[in-house]
A.B. asks: 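The structure's right below; bear with me while I get my questions together.
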Amino acid sequence: MKNIFIDINKTKADYYQFIKSCRILEEFRLTPKSEVSPYSLCFAIFGYHLLGYNNKIRENKDSWDVILRQQLKFKRIERKQLGRLDRDKPYLQLLTFTLSALFILDTLKVDPLAKEVLELIPDNIVRELKQSGALDGIARSGNYAMFLGILLIHARDYLGLDTDETLDTWARLSLDSINQFGFWGFSKTMSHLQFQNGYHQYEVMDYLQTENTPWDKAADNVALLADKDGHFAPYPGGGGCYDYDAIYIITGAGPKAITRHRELLIRTAQTILTEQNADGGFCESHYIRPRTVKNLSRSAKHVFSAQGEARKERLRQSITLLRPKHNRIHTHWSEYSRQWDESDLWDSWFRMLTVARIDVALDPKRISKWGFIDYPGIGFHSLLGHK
């Protein structure tokens, strides 16, 4: 099948140049204006791998392995002083990102971070899932459920721990709690929160090849939330996470769902490719700042084009994002707060990962053109055939 997108090779080459622009010696910054951070190094490695720059990975393998492990150690000490590591999102996120990055570097088997993983394996998976709110679709609980799933799979595959029964319980409880939209929670209509939160559980079920997962139902309901540009966020411009999460669900549902939503998938990919910044990177959204009449009008139309809970979400977001505290985006990935339209390594990887999934969905043979990660979590693709 001929590639239907605009010059995707140029897009990939420009993205590569952006990754390079964020580098300082052996480390990386989230944006060219921010300080170096351990998260940014992971995002850069993911980007190189996705683009197929394996030579860069081999050249820096030893130094990056040392940096990743040292930075994780420092973060562990820092976050442990603040409370429980097993409920600490910044640490759990860095740990799982680091595991994926070490897998790419091919150094994970040498030292699979046994201590760091085993100390987080819960004694009672039922209690953990219920207390975290993961079975009720509580905001951010899906992320925690994914962390648990990744760590349990890692302990099984790399540490020799028998976690099959615990993983089966994880999957059974998750499936038994799914609502009529294919996600989690008690909303009477489809919402952005449901898929953005629930996507994380789908990642683990995808890797485990969990039977009876309602992919088709979830995909069709996610597709209903697409705006005219093929974006899926509760605010205009998509958002790296929202767009990727939605496209992951739709493309993960398989050939029939891909055929049903083919036009939407193409629209999303083409929109994302046209939104690449001049520096080769991608941003969160081009339409939140500045507060121009055009952007405010776009936000209003975005609100009224939705229905039910999704309309309420969009209205709340449009009002909230008007506040000065949201002039910039604040995350735990860097001390520097980036602008909404500023290129960064996270959004750039997610945007290209979204395009990659669409490209492969429309032509599965193109899986060889992209570097997905054959490890549980973000960046995995079921066509890699890990089992």
Side-chain angles (χ1 to χ4, degrees), residues 10-54 56-57 59-61 63-65 67-68 71-72 75 89-90 93-105 143 233 237-245 247-248 272-273 275-286 288 328-357 370-373 375 377-380:
K10 182 180 186 304
T11 302
K12 293 168 77 171
D14 290 346
Y15 169 37
Y16 170 68
Q17 291 300 321
F18 175 71
I19 297 175
K20 288 176 60 178
S21 73
C22 293
R23 183 168 184 169
I24 297 182
L25 299 178
E26 301 301 314
E27 300 188 70
F28 287 84
R29 302 165 291 185
L30 186 64
T31 83
K33 295 182 180 180
S34 66
E35 79 287 355
V36 297
S37 78
Y39 301 94
S40 301
L41 175 55
C42 291
F43 303 155
I45 292 173
F46 298 158
Y48 281 135
H49 183 67
L50 181 65
L51 294 175
Y53 282 90
N54 298 319
K56 284 290 180 184
I57 294 172
E59 290 170 6
N60 297 276
K61 171 180 176 178
S63 60
W64 286 347
D65 177 77
I67 293 171
L68 286 169
Q71 291 179 332
L72 180 67
K75 181 64 70 173
K89 180 179 177 180
Q93 195 173 62
L94 182 59
L95 173 58
T96 51
F97 283 154
T98 299
L99 291 171
S100 290
L102 294 176
F103 175 86
I104 292 171
L105 296 180
N143 220 320
C241 288
Y242 283 102
D243 285 349
Y244 177 70
D245 298 352
I247 292 303
Y248 180 93
I272 289 174
L273 292 173
E275 291 175 342
Q276 186 175 28
N277 285 335
D279 60 10
F282 292 84
C283 66
E284 180 72 8
S285 174
H286 285 284
I288 304 301
R328 286 176 173 266
I329 300 174
H330 317 284
T331 71
H332 57 263
W333 299 328
S334 69
E335 294 179 11
Y336 173 80
S337 298
R338 69 190 189 275
Q339 298 183 59
W340 284 85
D341 61 354
E342 184 176 359
S343 298
D344 67 275
L345 286 177
W346 169 260
D347 281 300
S348 297
W349 176 50
F350 255 42
R351 295 300 194 182
M352 289 305 296
L353 199 54
T354 302
V355 171
R357 284 199 67 94
W370 298 96
F372 293 98
I373 308 172
Y375 183 86
I378 303 171
F380 169 74

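We're numbering straight along the sequence, starting at 1.
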A.B. asks: Ignoring hydrogens, what is the shortest heavy-atom contact between S343 and P32? Give both atom names and the distance.
C.D. replies: O-CD, 4.4 Å

A.B. asks: I need the minimum non-hydrogen distance between G238 and A233, along with the two atoms involved.
C.D. replies: O-CB, 2.5 Å

A.B. asks: So do Y39 and Q71 actually touch side chain to side chain, heavy atoms under 4.5 Å?
C.D. replies: no

A.B. asks: Could you grab the distance from atom CD1 of I67 to atom SG of C42, nearest 0.5 Å is fine?
C.D. replies: 11.0 Å

A.B. asks: The criterion is side chain to side chain contact (heavy atoms under 4.5 Å, CB included); which residues satisfy it with N54, sequence neighbours excluded?
C.D. replies: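 Testing N54 for side chain to side chain contact (heavy atoms under 4.5 Å, CB included), a comparison that skips the adjacent residues, returns H49, I57, R58.
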
A.B. asks: Is there side-chain contact between E35 and S334, with at least one heavy-atom pair below 4.5 Å?
C.D. replies: yes

A.B. asks: Using side chain to side chain donor-acceptor pair (under 3.5 Å) as the criterion, list what pairs up with S21, not counting sequence neighbours.
C.D. replies: none

A.B. asks: With a 4.5 Å heavy-atom cut-off, do Y336 and L30 have their side chains touching?
C.D. replies: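 No. Closest side-chain heavy atoms not under 4.5 Å.
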
A.B. asks: Who are the side chain to side chain donor-acceptor pair (under 3.5 Å) partners of T98, not counting sequence neighbours?
C.D. replies: none

A.B. asks: Does some side-chain heavy atom of L353 sit less than 4.5 Å from a side-chain heavy atom of I378?
C.D. replies: yes

A.B. asks: K33: which residues meet the side chain to side chain donor-acceptor pair (under 3.5 Å) condition with it, sequence neighbours left out?
C.D. replies: none

A.B. asks: Classify the side-chain pair T354/D243 by whether it contains a donor and acceptor separated by less than 3.5 Å.
C.D. replies: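 No - no donor-acceptor pair under 3.5 Å links their side chains.
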
A.B. asks: To the closest 0.5 Å, what do you measure between CD (E284) and CD1 (I329)?
C.D. replies: 4.5 Å

A.B. asks: Going by the rule side chain to side chain donor-acceptor pair (under 3.5 Å), which residues pair with Q93 if we only count those two or more places apart in sequence or in a different chain?
C.D. replies: H332, W333

A.B. asks: Could you walk me through whether K12 and Y53 pass the side chain to side chain contact (heavy atoms under 4.5 Å, CB included) test, one step at a time?
C.D. replies: CA-CA 11 Å; K12 293 168 77 171; Y53 282 90; over 6 Å; no

A.B. asks: Quick check: closest heavy atoms across F372 and A356, and the distance to 0.1 Å?
C.D. replies: CZ-CB, 3.7 Å

A.B. asks: Quick one: list whatever passes side chain to side chain contact (heavy atoms under 4.5 Å, CB included) with N143, sequence neighbours left out.
C.D. replies: K89, M146, F147, H200

A.B. asks: Checking W340 now: which residues fulfil ring pair (Phe, Tyr, Trp, His ring centres under 6.0 Å) with it, not counting sequence neighbours?
C.D. replies: Y235

A.B. asks: Are side-chain heavy atoms of W349 and I19 found at a separation under 4.5 Å?
C.D. replies: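 Side-chain contact under 4.5 Å: no.
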
A.B. asks: How long is the straight-line distance from CG of L102 back to NZ of K61, given to the nearest 0.5 Å?
C.D. replies: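 It comes to 11.0 Å.
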
A.B. asks: Test L68 against I45 for side chain to side chain contact (heavy atoms under 4.5 Å, CB included), laying out the working first.
C.D. replies: CA-CA 11 Å; L68 286 169; I45 292 173; 3.9 Å; yes

A.B. asks: Spell out, as yes or no, whether a donor-acceptor pair under 3.5 Å connects the side chain of R328 to the backbone of S337.
C.D. replies: yes

A.B. asks: Going by the rule side chain to side chain contact (heavy atoms under 4.5 Å, CB included), which residues pair with N60 if we only count those two or more places apart in sequence or in a different chain?
C.D. replies: R23, E26, S63, W64

A.B. asks: Can you tell me how the ring of F43 sits relative to the ring of F97, calling it parallel under 30°, perpendicular over 60° and tilted otherwise?
C.D. replies: perpendicular

A.B. asks: Is there side-chain contact between N277 and H286, with heavy atoms separated by less than 4.5 Å?
C.D. replies: yes

A.B. asks: Is there side-chain contact between Q339 and T31, with heavy atoms separated by less than 4.5 Å?
C.D. replies: no

A.B. asks: Working to the nearest 0.5 Å, report the span between OG1 of T11 and CG of L273.
C.D. replies: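 Between atom OG1 of T11 and atom CG of L273 there are 5.0 Å.
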
A.B. asks: Describe, in one word, how the ring planes of Y244 and F350 are oriented to each other, choosing from parallel (under 30°), tilted (30 to 60°) and perpendicular (over 60°).
C.D. replies: tilted

A.B. asks: Within this structure, what is the CD-SG distance for the pair Q276 and C283, rounded to the nearest 0.5 Å?
C.D. replies: 11.0 Å

A.B. asks: Can you name the residues that form a side chain to side chain contact (heavy atoms under 4.5 Å, CB included) with S100, not counting sequence neighbours?
C.D. replies: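 Counting only residues at least two positions away or on another chain, S100 forms a side chain to side chain contact (heavy atoms under 4.5 Å, CB included) with F46, Y375.
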
A.B. asks: Sequence neighbours left out, what passes ring pair (Phe, Tyr, Trp, His ring centres under 6.0 Å) with F18? Give chain and number order.
C.D. replies: none

A.B. asks: If you look only at pairs with a residue in residues 334-343, which of them pass as a salt bridge (charged side-chain N to carboxylate O under 4.0 Å, His left out), with sequence neighbours excluded?
C.D. replies: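 Counting only pairs at least two positions apart or across chains, the salt bridge (charged side-chain N to carboxylate O under 4.0 Å, His left out) contacts touching residues 334-343 are R338-D344, R338-D347.
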
A.B. asks: Less than 4.5 Å apart, side chain to side chain, heavy atoms only: is that true for V355 and F282?
C.D. replies: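 Of all side-chain heavy-atom pairs linking F282 with V355, none is under 4.5 Å.
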
A.B. asks: Mind checking salt bridge (charged side-chain N to carboxylate O under 4.0 Å, His left out) for K10 and listing every partner two or more places apart, or none if nothing turns up?
C.D. replies: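 With neighbours one apart ignored, the set is D14.
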
